[in-house]
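Here the structure is laid out as structure tokens; the discussion comes afterwards.
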Amino acid sequence: MRTQKFRSITGAAVIFLMVAIVSAQSGGTFNITKSVTGGGGGQSTGGTFTVDGTIGQPLAGTTSGGGTFIVESGFWTSSPLSLSGTVTYGNAASPPRFISNVTLTGAGSPGVATTSNFPDGTYFLSGFGSGAYTVTPTKVGGVNGIASLDAARISQHVAGPPNPQLNATQLIVADVSGNTTVSSFDAAMIAKFVAGPPYAPPGIGSTGTWRFTPTNRAYASIAGSVAGEDYVGLLMGEVSGNWNNTGARSPESEGPERAVTVKLANVVTAASHDVIVPINIEGAVNKGLISYELELRYDPTVIQPQAESVSLAGTESRNLLAVTNAIQPGILRVVVYGPKPIAADGVLLNLKFTAVGEKGSTSPLTLERIVFNEGENRVNTVSGKVEFF
């Protein structure tokens, strides 16, 4: 065994290594035992390298992690087989936005895979063999930004000018039904998704799933290090473009002029009667409110939502559509959307319940969540109650 200095170049890094040569003349295994900072490197490297040939002559080899190596006149040069690029979000209202945790799978021999990084969406895929590969991006989860406003934007588009119209990318993500036509049916599917379980495919179409362009890339072989293999991702149903890579909503200016107040009524009625609970809104004028979603908590031993639990007739939401979800006892979810904004203060909507409690019983009414459009307005809420005499 003898020790000899080689130079290893991996990407842009250059380091000088002391290597122990186990088989010096006709190939064999090279074990890196120590690294010394030098050139543009500064990293510590270790591992086992197998080569064939004679030291001092060009020769090729591989490592356990893949890559092609050449030894020339005492210099060891690394040129790994790899693909790299960036995954960006294709419907960002304020680009650029990047997508992390995208899985990129290379089908070939051997199989390879990696995920895109947070927060810049970059990826590095290596370990390829010498044959053909097909690389496919996929993503599960990371779903945010889909709201009642997305259904409302579709409704505006379908209603036609002078309402805002969707651009080409928005039309792709709006077509959650998959029939190549954007209609109120797509808006309804998105509204069901926002309302939550038990709605599920096919009731919500492709809402909440990811699509990538290109769908995949095929390579006859990977030659060296190939950069710029970028992908663009779209989240189906997220029309407005407010998806965020962290799931967090950007802070908004929430001065008094942006606030909306929502008040639940106090209803006192006979125990044998059906119960109508008005919800009132103040501060709606000139806010452009075309959608909202809410969660109301109530006592299910006192009142229970009727099959048609929302009435918009005669209210400030009369030009909108509603989807409800009362599957969880004690929680009523309501999603309301449409092309025309709420134009005045008054009754926002009426909730319809059936009395099940005894005389003297009371159900508090609390809005645990209410969001207009996609949350650009602060909402002040006032609780209410239903009391039986």
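Remember, it's a predicted structure, so these values are computed and weren't measured experimentally.
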Give me the ring orientation class for Tyr89 and Trp210: parallel if the planes are under 30° apart, tilted from 30 to 60°, perpendicular past 60°.
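Rings of Tyr89 and Trp210: perpendicular, as their planes differ by over 60°.
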- prompt: Heavy atoms, side chains only, cut-off 4.5 Å: are Ser130 and Leu81 in contact?
  reply: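 No, too far: nothing below the 4.5 Å cut-off.
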Return the minimal non-hydrogen interatomic distance between [X] and [Y], and the atom names on each side.
X: Asn242; Y: Asn144; value: O-OD1, 4.4 Å
X: Asp230; Y: Thr86; value: OD1-N, 2.9 Å
X: Ser383; Y: Leu365; value: CB-O, 3.3 Å
X: Gln156; Y: Gln165; value: O-NE2, 3.6 Å

Atom pair [atom1]/[atom2] of [X] and [Y] - distance to nearest 0.5 Å:
X: Leu349; Y: Ser317; atom1: CG; atom2: OG; value: 6.0 Å
X: Arg297; Y: Thr366; atom1: CZ; atom2: OG1; value: 8.0 Å
X: Asn325; Y: Ser309; atom1: CG; atom2: OG; value: 9.0 Å
X: Ile99; Y: Leu235; atom1: CD1; atom2: CG; value: 8.5 Å
X: Ser84; Y: Leu104; atom1: OG; atom2: CG; value: 11.0 Å

I want to know whether Tyr219 and Phe128 have ring centres closer than 6.0 Å.
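Ring centres of Phe128 and Tyr219 not closer than 6.0 Å.
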**OP:** Quick one: do Asn216 and Thr134 satisfy side-chain hydrogen bond (donor to acceptor under 3.5 Å, both in side chains)? Show the steps, please.
**Re:** CA-CA 7 Å; Asn216 55 54; Thr134 298; 5.9 Å; no
Lys352, NZ: over 12 other non-hydrogen atoms inside 6.0 angstrom: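 Yes - once you tally the heavy atoms of other residues, nucleotides and ligands closer than 6.0 Å, there are more than 12.
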Quiz prompt | Cluster overlap Leu171 with Ile154, hydrophobic side-chain contacts below 4.5 Å | solution =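 Yes: a chain of side-chain contacts under 4.5 Å links Leu171 to Ile154.
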For residues Ile222 and Phe124: do they belong to one hydrophobic cluster (side chain heavy atoms under 4.5 Å, members Ile, Leu, Val, Met, Phe, Trp, Tyr)?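 Looking at the clustering, Phe124 is in a separate group from Ile222.
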Going by atom types alone, do [X] and [Y] pair a side-chain donor with an acceptor below 3.5 Å?
X: Ser116; Y: Tyr231; result: no
X: Asp186; Y: Ser184; result: no
X: Thr181; Y: Asn179; result: no

**Asked** Are any side-chain N or O atoms of Asn91 and backbone N or O atoms of Leu234, one a donor and one an acceptor, separated by less than 3.5 Å?
**Response**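 It does not hold such a pair.
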